S.K.: 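First the structure, then my questions, so here it is.
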Amino acid sequence: MAKKILIIEDEHILVGMYADQFHSEKWSVITATTKDEGIEMTKKEHPDIVLLDILLFDGTGIEYLQAKKEDSAIASIPVIVFSNLDDTKTKEEALKLGALEYLLKANFTPQELVQKASFYLT
Amino acid sequence: MNIYAFTALLNLLASALLGFFVYSQNRKSSVNKTFALFCFFIAVWSGAYILWQLAETQEYALLWSRTLMAGTIFVSISYFHFIVVFINKLKEYKKYLIIGYPILALFFFASFTPYFITSVTSKLTFPFWPEPGILFHPFLATWVFFIFFTLYVLAKEHRNASSEKLRTQLRYILLGTIVGYLGGLTNYFLWYNIPIPPIGNWAATFYLGVVTYAIVTERLFDIRIVLTQILVGIVSILLLINFILSNTAFEYFWKGGLLMAFLVAGWLLVKSVVNEIKQRQELQQAYAKLKELDEAKSEFVSIASHQLRTPLTAIKGYISMLAEGTYGKLLPKQKKPITNIYDSNERLIRLVNDLLNISRIESGKVQMEWQKAKLHDVVQGVIDELQIKAKEKKIKLILQKPDTPLPSFNMDPIKVRNIILNIIDNAIRYTGKGSITLTFIPKPENRSLQTKNVLITIKDTGEGMSTEELGHLFESFSRGKTGSKMWTEGAGLGLYISKQFVQMHKGRIWAESDGAGKGSTFFIELPVS
C-alpha cells in the first residue's frame, strides 16, 4: 500500500512542488495550509508521516506539535519539521516536542526530502 | 535660644532644603512630589515649634502651638503616602489615603479652635505647654494609626523584597521610621500629664538623615546632586550669618569676599555634579539605543533570510526535479543550462546562509556547542558529501588518514564540519584538474608526547593565489580594499565565517600558495582538550 504523507505548508508553490515529487514516487499525498487544518487532517487521515512548516497563517508549527503531543490518538505519528526559519530556539523547541529533524528547506531538494521521509518509515 | 528651639531650627533647615531640592530636581515624579510634601509638613511643624519656644506671652504660645499642630496633623499620612508611592503600591493603598486625608483635614480646620487645644499651661521645663481639647484624642488615634500602618507596610515590603539592594534600602527606611516615630511619640506624653520629656526633634533629625541615606541609591532621585546642593546651601547660610555679624569695615570686606568666593565655587561644584550625572545618563541612553538598533538589524536579517529562502527553495526544488526528469526527460542540450541555473541558485542560498551567519557572529549570538567528537567522522562526512561534486569536475578528492587514529576531543562538530566544507568546496571550485588532498595529524608528532593540537591540511592543485590575495583571504567583503574585486569571483563569505569558527575553537587558520597557477594549501590548527 502507498505510504501516506501530510504536508502542512502555507506556500502554495512549495506545496505543489513537494506534492509532485511525492506523487512521482508513488506516495499518497494530503495537504493542509494552516495549523488548525493540519491538526484536523492528522486526526482524520492518520498519515504515516507529517512534513511540517513552522510559520503558518494561523500559528506556528510548534503549536501544532504541542497539540499533537497532547492528543494520544495522533501523538505517535512521526513529524519532520522543514522551515526556512533558521532559529536555534525554535529548532530546540521542535526537537523537544518530538520532531525527528529540523531541516532548512533551502538546503534540501524535494528528492532528498522524499529520501528522508522514506528513511524514517523503513 | 534654648535647645528645643535650636533642634527645631536644624529640622526646619534640613526639611526645607531637602524638600526643595528633591522637588526641583524632578517636578513630575510622584516619588519626589510626595517626599517634598512630607518635608513641607515637617518644615511647618519645625518653624512653628521655634516660634512657640521663643514666645513670651501665653497668647503667642497658644497661636504657635496651634500652628505647630496644624503642620503635625499631616505628617504621618503624607509619610505613608510617600512610602506607598516609593514602593510602587499606590493603587493597593489608595483607599486609605482617600479616607485618611479628609478626616485629617477636618482636624486641621479644628486645630485653631479650643476643641483641639484649649489653652497653654506650665509643664516640666515648658512655660507654655498645650492642653488637649476634645478633638485632640481622635486626631492622635488617627495619627498613630498611620504610623503603625506605615511600619506594617514597610515590614511586609521588606520581607517580600525582590532584590537585596531594595531590601537594604527598605531596612534603612524602616529603621529611620521606627526611631523617628518612637521619638515623635514622646512629644505626646506631656499632653496627658505623663512626665516624659519630648525628644521628637532629635528623632526627626535622625530620621531625615537615615531616610536620606537610604535613598542614596538611584531608585528615588540622584542624591549626589541633592547632597551637594544641601551642603552648598548650609555653608552659604553660615557664611551669610557670619557676614551679617561683622563689626568692622574690614570684617565686612573679607567675610563678604569669602561668601562671594564660596558662592562661585559652590555654583561650579553643583554644576559639575549635574553635568557628570547628565553625561552618564546620556551614555546609558546611547548604549540602550545601540542595543536596540543591533537587535533590529538581527531581526531584519533573520526575517529577510527567511523571505529570501522561500523563492530560492522553489527554484531549487523545481530545477532539481526538472533535471532528474520528474516532469519528463530533458534533451541533452538542456542539461547544461539547467545545471547552471541550479548552481547559481545554490550560490544564492549559500550567500543568504552566510549573511545570516555573519550577522549572528558579529552580534555575538553564535554559541559554541561543545561535545566530544571524532575528527575523522566529521571529515569523512564532508568528503562523502562533496565526493559527487568532485567527480563531476573529474577532480580526485583524497583523504589521508593518520597512522594512529586520533582520540575524540572537545569541539563543536557542526562548526568544524562547516569550516572544512567551506574550504573543500572552494578548492573544488578553483581547481580545474588534479586533486584535493586532506590530511590531519596530531601535534607534536612524537607519539610518546601528549597531543596538544591537530593540524588539518587541505592541499589543491588549483589556481593558487597571489600574496595580495592571501592577505585578504579571510576578510568579509565589507573589509579591505581589494575585497569587492575579489569576492565578485564568488568565493563568498565562507572563509571569513570559517575563520570566526576556528577562532571560537581558539585555533588558527591560514593559507599558503606559491603563486598563481601553483595550487593552494589551507591549514587549520585546532587545540585538543
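None of these values were measured; they are calculated from a predicted model. First the proteins, then the strands, lettered A, B, ... as listed; each starts at 1. Every heavy atom of this structure was used, including side-chain atoms; hydrogens, water molecules and symmetry mates were not.
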S.K.: Around atom CG of B:Leu293, are there more than 12 heavy atoms of other residues, nucleotides or ligands at under 6.0 Å?
M.R.: yes
S.K.: If you count heavy atoms of other groups shown closer than 6.0 angstrom to CD1 of B:Ile414, is the number above 12?
M.R.: no
S.K.: Could you look at A:Leu55 and say if it's the side chain, the backbone, both or neither that has a heavy atom under 4.5 Å from chain B?
M.R.: side chain
S.K.: Listed by chain and number, what are the side chain to side chain contact (heavy atoms under 4.5 Å, CB included) partners of A:Ala67, not counting sequence neighbours?
M.R.: A:Ile39
S.K.: Take a 6.0 Å sphere around CZ of B:Phe300 and say whether it holds more than 12 heavy atoms from other residues, nucleotides or ligands.
M.R.: no
S.K.: Side chain from CB out, backbone as N, CA, C, O: work out which of these in B:Leu312 comes under 4.5 Å of a heavy atom of chain A, or both, or neither.
M.R.: neither
S.K.: Please tabulate, one pair per line, the N or O donor-acceptor pairs under 3.5 Å between chain A and chain B.
M.R.:
| unit_1 | atom_1 | unit_2 | atom_2 | d |
| --- | --- | --- | --- | --- |
| A:Ile13 | O | B:Tyr318 | OH | 3.3 |
| A:Met17 | N | B:Tyr318 | OH | 3.3 |
| A:Asp20 | OD2 | B:Tyr327 | OH | 2.5 |
| A:Gln21 | OE1 | B:Thr326 | OG1 | 3.3 |
| A:Asn84 | O | B:Arg309 | NH1 | 2.8 |
| A:Asn84 | ND2 | B:Arg309 | O | 3.4 |
| A:Asn84 | ND2 | B:Thr313 | OG1 | 3.0 |
| A:Asp86 | O | B:Arg360 | NH2 | 2.1 |
| A:Ala106 | O | B:Lys316 | NZ | 3.1 |
| A:Asn107 | OD1 | B:Asn353 | ND2 | 3.3 |
| A:Gln111 | OE1 | B:Ser320 | OG | 3.0 |
| A:Gln111 | NE2 | B:Ser320 | O | 3.0 |
| A:Gln111 | NE2 | B:Glu324 | OE1 | 3.2 |

S.K.: Checking heavy atoms, do the side chain of A:Ile13, its backbone, both or neither come under 4.5 Å from chain B?
M.R.: both
